[in-house]
Asker: 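Have a look at this one.
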Amino acid sequence: MTDAQITINRDGTGSVIVDGETTTIAASGAAEARREATAHIAKHAAELGRPVPAIATENGRSWPLLIGTDGAVTPRPQDDAAAARPSTVSAPSVEIPDAQADLDVTRSRSVTGQPAPSWEQPANDPIISEVPGAQDDLEATRPRAIATEPPAAPRPSAPAPQIPSPAVDHSSAVDELHTIREVQSDVHSSAAPTQQNESQHAPVVDPPAAADAVDADPRWADISQQPATHGFRGTLNGVGLKLAPTDEELAERRESLRQEIAREEEARRADEQLAQEEAARETRRAIRDRAAAEKDRAERAIIQTPFEEPKKVIIANHKGGQGKTTVTYGIGATAGRIRGGDVIAWDANETQGNLGFRAKKAPTARSVVDLLEEAADDFTTVEGSKRATLARFTRSQGDNLFTVLASDESRDRQDLVDADAFEKVHEILGRFYSLILIDTGNNHRVSHFKAALEAADQLVIPVSAGADGAHAAEAMLDSFESLGHSDLVEGAVVLLNDSATRRGDATGIAAKFEQRVRAIIPIPFDPSLDSGDEIDFDALQPSTRAAFQEATAAIADGLAKRN
């Protein structure tokens, strides 16, 4: 197997060749480059299941190494023949376990004059002459290293060869001193009689350092190889040369890339947080949507409750301008659409009511008075009791699937609908509709209002934002209780109509009724209702339609309990 090749430059760049495959190294310094190269070959050794021989070249000098599967680095003799060359110094052989290889390497160093194979110690320390006592230690150690090998048999025909004194390479003298001291330490520790296991004799090599974010970034390989742009080298490159950058410029590039990586990581985390927040919002929105859908299904189911007999709902407040007509229309359209028809809204105002004006117009402007005058007798017989006959006097509201019976618009027939007339009309409507909404007037002393109150199954009280409307509603409830209708008061539904012009204390108004009625439901302000024109239910805001549905469900719930 061909030795792995490691090449390290002073600036931390280099390469590793293993089985013909080259890996580029770009580290912050030579020491870090050595660790990367060692870790790379150790990984290959682990895959093979055995140590890998390698030749490390740095600054023109080479070290033969053996790199284990765990990253342990041990030196190898550079020249087996030189390692086996006999010595002229006669000395007793010393059997020291696990130290002979290190001594052979040291002897090879002394003979060849090459740098010692202590590759982990770079040869860039001060020259040996500048280290106090270094030369004496070196000279004292060399004979010991030579004396440890077995004596060679003398040749009879020639004197024993003399080992030449190696020339000291000042640029690597400190490397040599460090290597010899390491060998001395290994020799002394190995010679001591101990019961240590073999793992204690293995060379200690620092584990590979954690990868720098810059080194892990694929852009660094290209950035580090770009020609110099700063200083004198950058100037020369400007005229056509391709000089490598200095260590200082490489450090600047490394720091610049590190900052860019940090910014990218910060942006990534921000995007991730934004995505998490958006997911949380989507989750909350989904929860709200599910809750709204469940509420919608529950309300629709209540509104669709079948009634065993016609149910009458009166919408009342002593004071005008409280929204009785818009509430009547909104509840009628909601109930009609969800129940599929079977709903009629009757404007039982003692004078000219507004429901006929706010509702969708009919080809003819017939009213409740016309019904009494022209067709009341028809409904006294089975043959005459036809819905088609009643339809001539009512106004269909199209897609809203409910019908309006308007009050008369002529002042000449004012107050024509008395208590007896109310009973007659009420009886006719009950033949064809199961839900009858009665929009009352403001005079609660007239006979037909008292008749409506007696017939009512459910009371709805519209209240505007002003305090005067709430006061009138309270007085009305007191009156109803005095007349023996406490059950209607306790089961009543109060609808708080918001206004664009009157900003009352909705909370305070609600507090006046919360102990007296069954439900209090706010109806938000809607420009389509505030205009006073014909009501287009589809033009209402979703929140307004939702409020009418909630109100209609509360009304239907009260009626279902009286079934």
Side-chain angles (χ1 to χ4, degrees), residues 1-48 50-73 75-76 115 117-124 205-231 233-234 236-237 240-265:
M1 173 183 173
T2 304
D3 291 354
Q5 302 293 322
I6 302 174
T7 302
I8 302 298
N9 301 319
R10 291 183 183 274
D11 59 359
T13 61
S15 63
V16 176
I17 303 176
V18 180
D19 289 345
E21 183 178 348
T22 302
T23 300
T24 301
I25 297 175
S28 59
E32 183 178 347
R34 296 189 200 103
R35 287 192 292 271
E36 290 189 17
T38 301
H40 183 79
I41 297 179
K43 180 179 179 182
H44 183 66
E47 294 173 354
L48 297 176
R50 57 181 175 79
V52 173
I55 298 296
T57 302
E58 183 174 344
N59 300 327
R61 292 181 295 279
S62 299
W63 290 265
L65 308 173
L66 193 64
I67 299 178
T69 59
D70 59 351
V73 179
R76 291 186 300 136
S118 180
W119 186 53
E120 293 297 317
Q121 176 62 38
N124 57 1
V205 179
D206 292 336
D212 191 322
V214 173
D215 298 323
D217 194 297
R219 292 172 292 184
W220 175 243
D222 178 63
I223 293 174
S224 63
Q225 297 299 323
Q226 293 176 3
T229 58
H230 297 173
R233 294 189 181 190
L236 294 178
N237 288 343
L241 297 182
K242 297 293 183 181
L243 299 179
T246 62
D247 291 346
E248 290 77 6
E249 185 172 349
L250 278 176
E252 291 179 5
R253 294 182 184 180
R254 175 177 288 274
E255 181 59 27
S256 177
L257 180 57
R258 180 176 287 108
Q259 293 177 2
E260 178 65 21
I261 293 173
R263 287 192 295 269
E264 292 172 349
E265 177 64 16

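Just so it is clear, the values below take in all heavy atoms, side chains as well, and ignore hydrogens, waters and symmetry mates. No experiment lies behind these values; they were computed from the predicted model shown. Note that the numbering runs from 1 along the sequence shown for the chain.
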Asker: Please report the closest heavy-atom contact between P245 and R233, naming both atoms and the distance.
Answerer: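 In this case the closest contact between P245 and R233 is O-NH1, 3.6 Å.
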Asker: Test your reading of the model: is there a side-chain donor-acceptor pair from S224 to the backbone of W220, 3.5 Å cut-off?
Answerer: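 It does hold such a pair.
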Asker: Hey, could you give me the CG/CD1 distance between L65 and I55, rounded to the nearest 0.5 Å?
Answerer: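 Atom-to-atom, L65:CG and I55:CD1 are 7.0 Å apart.
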Asker: Which atom pair, heavy atoms only, marks the closest approach of A54 to I6?
Answerer: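 Scanning both residues, the minimum pair turns out to be CB-CD1, 4.4 Å.
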Asker: Could you walk me through whether T229 and N237 pass side chain to side chain contact (heavy atoms under 4.5 Å, CB included), step by step?
Answerer: CA-CA 7 Å; T229 58; N237 288 343; over 6 Å; no
Asker: Taking all non-hydrogen atoms of both residues, which atom of I8 and which atom of A33 are closest, and how far apart?
Answerer: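 I8 and A33 have their closest heavy atoms at CD1-CB, 3.8 Å.
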Asker: If you look at every heavy atom in A37 and V16, which pair is closest and at what distance?
Answerer: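 Where A37 meets V16 most closely, the heavy atoms are CB-CG2, 3.7 Å.
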Asker: Show your reasoning for whether side chain to side chain donor-acceptor pair (under 3.5 Å) applies to S62 and T57.
Answerer: CA-CA 4 Å; S62 299; T57 302; 3.3 Å; yes
Asker: Apply side-chain contact (heavy atoms from CB on, under 4.5 Å) to S256 and list each qualifying residue two or more places apart in sequence or on a separate chain.
Answerer: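 With neighbours one apart ignored, the set is empty.
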Asker: Could you walk me through whether D215 and R254 pass the side chain to side chain contact (heavy atoms under 4.5 Å, CB included) check?
Answerer: CA-CA 9 Å; D215 298 323; R254 175 177 288 274; 3.0 Å; yes
Asker: Can you tell me how far apart CD1 (I261) and CG (D212) are? Round to the nearest 0.5 Å.
Answerer: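 Here the rounded value is 7.5 Å.
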Asker: Determine whether E260 and R219 make a side-chain contact, defined as any pair of heavy atoms from C-beta on separated by less than 4.5 Å.
Answerer: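 Yes, side chains in contact.
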Asker: Let me see the working for Q226 and R253 under side chain to side chain contact (heavy atoms under 4.5 Å, CB included), right down to the final yes or no.
Answerer: CA-CA 10 Å; Q226 293 176 3; R253 294 182 184 180; 3.7 Å; yes
Asker: Drop me the distance from E252's CD to L257's CG, to the nearest 0.5 angstrom.
Answerer: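 With rounding to 0.5 Å, CD (E252) is 13.5 Å from CG (L257).
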Asker: What closest approach, in Å, do H44 and V52 show between heavy atoms, and which atom pair accounts for it?
Answerer: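 Reported closest heavy-atom pair: CD2-CG2, 4.0 Å.
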Asker: Taking only residues two or more places apart in sequence, or in another chain, which ones meet T23 in a side-chain hydrogen bond (donor to acceptor under 3.5 Å, both in side chains)?
Answerer: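 T23: side-chain hydrogen bond (donor to acceptor under 3.5 Å, both in side chains) contacts with H40.
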Asker: For the CD atom on Q259, are there more than 12 heavy atoms of other groups (residues, nucleotides or ligands in this structure) within a distance under 6.0 Å?
Answerer: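 More than 12 within 6.0 Å, yes.
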Asker: Once rounded to the nearest 0.5 Å, what's the spacing between atom OG1 of T24 and atom CG of D222?
Answerer: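 Those atoms lie 11.5 Å apart.
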Asker: Looking at side-chain heavy atoms only, is the closest gap between E249 and D11 below 4.5 Å?
Answerer: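 No - every pair of side-chain heavy atoms lies 4.5 Å or more apart.
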Asker: Run the salt-bridge test on E58 and R34 with the 4.0 Å N-O cut-off and return the result as yes or no.
Answerer: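 Yes, E58 and R34 are salt-bridged.
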Asker: Output all residues satisfying side-chain hydrogen bond (donor to acceptor under 3.5 Å, both in side chains) with Q5, sequence neighbours left out; order by chain, then residue number.
Answerer: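 Partners of Q5 under the side-chain hydrogen bond (donor to acceptor under 3.5 Å, both in side chains) test: none.
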Asker: Decide, yes or no, whether a salt bridge links R258 with D217 under the criterion of side-chain N to carboxylate O below 4.0 Å.
Answerer: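 Salt bridge: no.
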Asker: For residues A27 and E36, report the shortest heavy-atom separation together with the two atoms involved.
Answerer: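 Taking A27 first and E36 second, the nearest heavy atoms are CB-OE2, 3.8 Å.
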Asker: To the nearest 0.5 angstrom, please state how far the CG atom of N9 sits from the CD1 atom of I25.
Answerer: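 Output value for this atom pair is 10.0 Å.
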Asker: For the CD1 atom of I17 and the CG atom of D3, what is their distance to the nearest 0.5 Å?
Answerer: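 So the gap between those two atoms works out to 12.0 Å.
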